[in-house]
Amino acid sequence: MSDNRVYLFDTTLRDGEQSPGVSLNVHEKLEIAHQLARLGVDVIEAGFPVASPGDFQGVQAVALAVKGPTVAALCRATRNDIDVAWEAIRGAERPRLHTFIATSDIHLRYKLQKSREEVLEQAVAAVRYAKRLTPDVEFSAEDASRSDLDYLCTVLERVIEAGATVVNIPDTVGYAVPDEFGAFIRAIRERVPNIDRALISVHCHDDLGLAVANSLAAVVNGAAQVECTINGIGERAGNASLEEIVMALYTKKAYFQREVGINYREIARTSRLVSALTGMVVQPNKAIVGKNAFAHESGIHQDGVLKERTTYEIMSPELIGVYQSNLVLGKHSGRHAFAERLRELGFELSEQELEKAFRRFKDLADRKKEVTNEDLEAIVKDEVWAVPEKFRLNYLYFASGTRLIPTATVGISIDGIVFEDAGTGDGPVDAALHVVDKLTGLQGKLLEYKLNAVTEGKDALGEVVAKVNVGARNYIGRGVSTDVVEASVRAYLNAMNKAIFDIERGQAGPRIDLEEPVEGDTALGE
Ligand code: KIV
Ligand code: ZN
């Protein structure tokens, strides 16, 4: 451990996944976790294993496959939660149990209905129990920023005594402001007598838009770990955004004088991947990773940047991996050039995956003159990062117009056999999706639909992100094509493939809510 190091604890797969409507399956979690490892985060919080069998499997898959970062699992301060979390991460290279209980009077009174003494005992017992399973135990005092400071310090002292190696101070409801939160962290550092035996961590939510500012104020006052998510996704208004924290520490190094272990060039790619798989679109003016973050619109700014970049740019887009030269391949490009380009873009594909992606590239190059890096990335995500494709689009015809009842004929291969049907609807997309429901036998409800152009130009690839409800769960589907109806059907089928994947493995049921009170399972004694 180095004194000036800030450890990055990424909770995209846990708190980020708690964003309304987001649900990642095992494959998607693994994709993101591998990318987080490439990005160089110190800790990946892979999920909350007790929430559902699917969550358990996701955490276990990450723990077994991802090398490098510590893999943490969240658990409430109960024996069963800790046992289940441990079972999920015990195979990791570096496992961490992350147990939590609320410490604010408001949570004690209304949510837990327990006294301060009872919560203190439960926190200590949970850490002691977790410590018997692994040396790396993090304790979070939920709603710490609204807790009584004296009581919080007592809890922290006692959990450190019980073996906690990291104590996390969440601003759970995003209520803190920077000066106040910084002083709060400093007070903890000064008042908890054994604080030198644990790292101080912070975990800030963005309800007042201050999560990053609060995290940085905490760092200035002695926090050594920050918990954050890619693109700032998370419960309600989200969590502190990882890319904003690390770029603030980098750009203002002389001020903060702290180091991180991040591979900056992976920032943009990680942001795009998380956005694609969660279906949470990044706002164009988002700091660091928004589409406009490095765009200079006014003539004065453009002139200044052309003369000397630093006139209007405080960091370089290349540093975070934003593409500069974008034109890459055309319809005469061969397999070798294609594979080489994908390697340069950071994709490591198997022969079979490469073949699938190459076929899509050829198809695209026939329809579109210039295939850019963004196009290639979109194709690869569409073809390779999907769940196993039980349902695959074979062909699609549709007719639509101002005086025509929109009609669609769709051919889908299901486990390799092609089925065809036709139907009508309010528009060509609606007609085609009705047919997909008939053919797959699933009843999907389209909850959200977003269409974006991947690049500029009339022949741009259209990317559709669809949120589809099937049974007790919502699924995000993505599809790309130069034809928006086809992109829509691909996105819908992608969501249906995720649904059937869960259904066939008996994992389509509802999840336990993090805030659900735990009945009768608080026995944590020796
Ligand atoms: O916001 C919060 O308090 C949390 C804890 C469970 C760490 O997410
Ligand atoms: Zn949180």
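In what follows, every heavy atom counts, from backbone to side chain, and hydrogens, waters and symmetry copies are set aside. Atoms within a ligand are numbered from 1 in the order they appear, just like the ligands themselves. From a predicted model like this one, the values you see are computed outputs, not experimental measurements.
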Checklist entry - Taking 4.0 angstrom as the limit, do Arg191 and Glu157 come out as a salt bridge? => result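 Here Arg191 does not pair with Glu157 in a salt bridge, since their nearest N and O are not under 4.0 Å apart.
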Checklist entry - Salt bridge check: are Glu463 and Lys450 linked by an N-O gap of less than 4.0 Å? => result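 No, this pair does not count.
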Checklist entry - If you measure from each non-hydrogen atom of Glu235 to ligand 1, which part falls under 4.0 Å: side chain, backbone, both or neither? => result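 Glu235 to ligand 1: no contact under 4.0 Å from either part.
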Next on the checklist: Just to be sure I read this right, does ligand 1 sit under 4.0 Å from the backbone of Asp15, its side chain, both, or neither, counting only heavy atoms?
Outcome noted: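 Under 4.0 Å from ligand 1, Asp15 contributes side-chain atoms alone.
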Hey, can you pull the donor-acceptor pairs under 3.5 Å for the side chains in residues 42-50, sequence neighbours left out?
unit_1 : atom_1 : unit_2 : atom_2 : d
Asp42  : OD1    : Arg5   : NH2    : 2.7
Asp42  : OD2    : Arg5   : NH2    : 3.3
Asp42  : OD2    : Leu8   : N      : 2.7
Glu45  : OE1    : Thr11  : OG1    : 2.8
Glu45  : OE1    : Arg14  : NE     : 2.9
Glu45  : OE1    : Arg14  : NH2    : 3.4
Glu45  : OE2    : His98  : ND1    : 2.6

Checklist entry - Of all the atoms in ligand 1, which lie at a distance below 4.0 Å from a heavy atom belonging to His205? => result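 Result: 1 (O).
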Item to check | Where ligand 1 meets Glu142 - atom numbers and elements under 4.0 angstrom, heavy-atom basis | outcome: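 Result: 3 (O).
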Checklist entry - Within less than 2.8 Å of the Zn ion (ligand 2), how many protein N/O/S atoms are there? => result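 Step by step: take the Zn ion (ligand 2), keep protein N, O, S below 2.8 Å, and you get 3.
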Checklist entry - Among Val282, Leu39, Ile267, which residue meets the side chain to side chain contact (heavy atoms under 4.5 Å, CB included) test with Ile230? => result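 Answer after filtering Val282, Leu39, Ile267: Leu39.
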Item to check | Stepwise side chain to side chain donor-acceptor pair (under 3.5 Å) test for Ser271 and Asn231 | outcome: CA-CA 6 Å; Ser271 162; Asn231 300 336; 2.8 Å; yes
Checklist entry - Do we get Arg505 above Phe501's six-membered ring, with its NZ or CZ under 6.0 Å from the centre and within 45° of the axis? => result yes
Checklist outcome for this item: Of His98, Arg14, Glu138, the residue with the heavy atom nearest atom 6 (C) of ligand 1 is Arg14
Checklist entry - Does the Asn494 side chain pair with the main chain of Arg478, one donor and one acceptor, at a distance under 3.5 Å? => result yes
Next on the checklist: Under a 3.5 Å distance rule, please check whether Thr172 uses its side chain to pair with a backbone N or O of Asp143 as donor and acceptor.
Outcome noted: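 Answer holds: yes.
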Item to check | Phe294: partners by ring pair (Phe, Tyr, Trp, His ring centres under 6.0 Å), with sequence neighbours left out | outcome: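 With neighbours one apart ignored, the set is empty.
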[X] N/O under 3.5 Å from ligand 1 N/O:
X: His203; answer: yes
X: Thr172; answer: yes
X: Glu227; answer: no

Scan the side chains in residues 205-220 for donor-acceptor partners under 3.5 Å anywhere in the protein, sequence neighbours excluded, and list what turns up.
unit_1 : atom_1 : unit_2 : atom_2 : d
His205 : ND1    : Gly238 : O      : 3.2
His205 : NE2    : Asp15  : OD2    : 3.2
His205 : NE2    : His203 : NE2    : 3.2
Asp206 : OD1    : Leu210 : N      : 3.0
Asp206 : OD1    : Ala211 : N      : 2.9
Asp207 : OD1    : Arg236 : NH2    : 2.9
Asp207 : OD2    : Arg236 : NE     : 2.7
Asp207 : OD2    : Arg236 : NH2    : 3.4
Asn214 : ND2    : Ala176 : O      : 3.1
Asn214 : ND2    : Leu210 : O      : 3.2
Ser215 : OG     : Ala211 : O      : 2.7

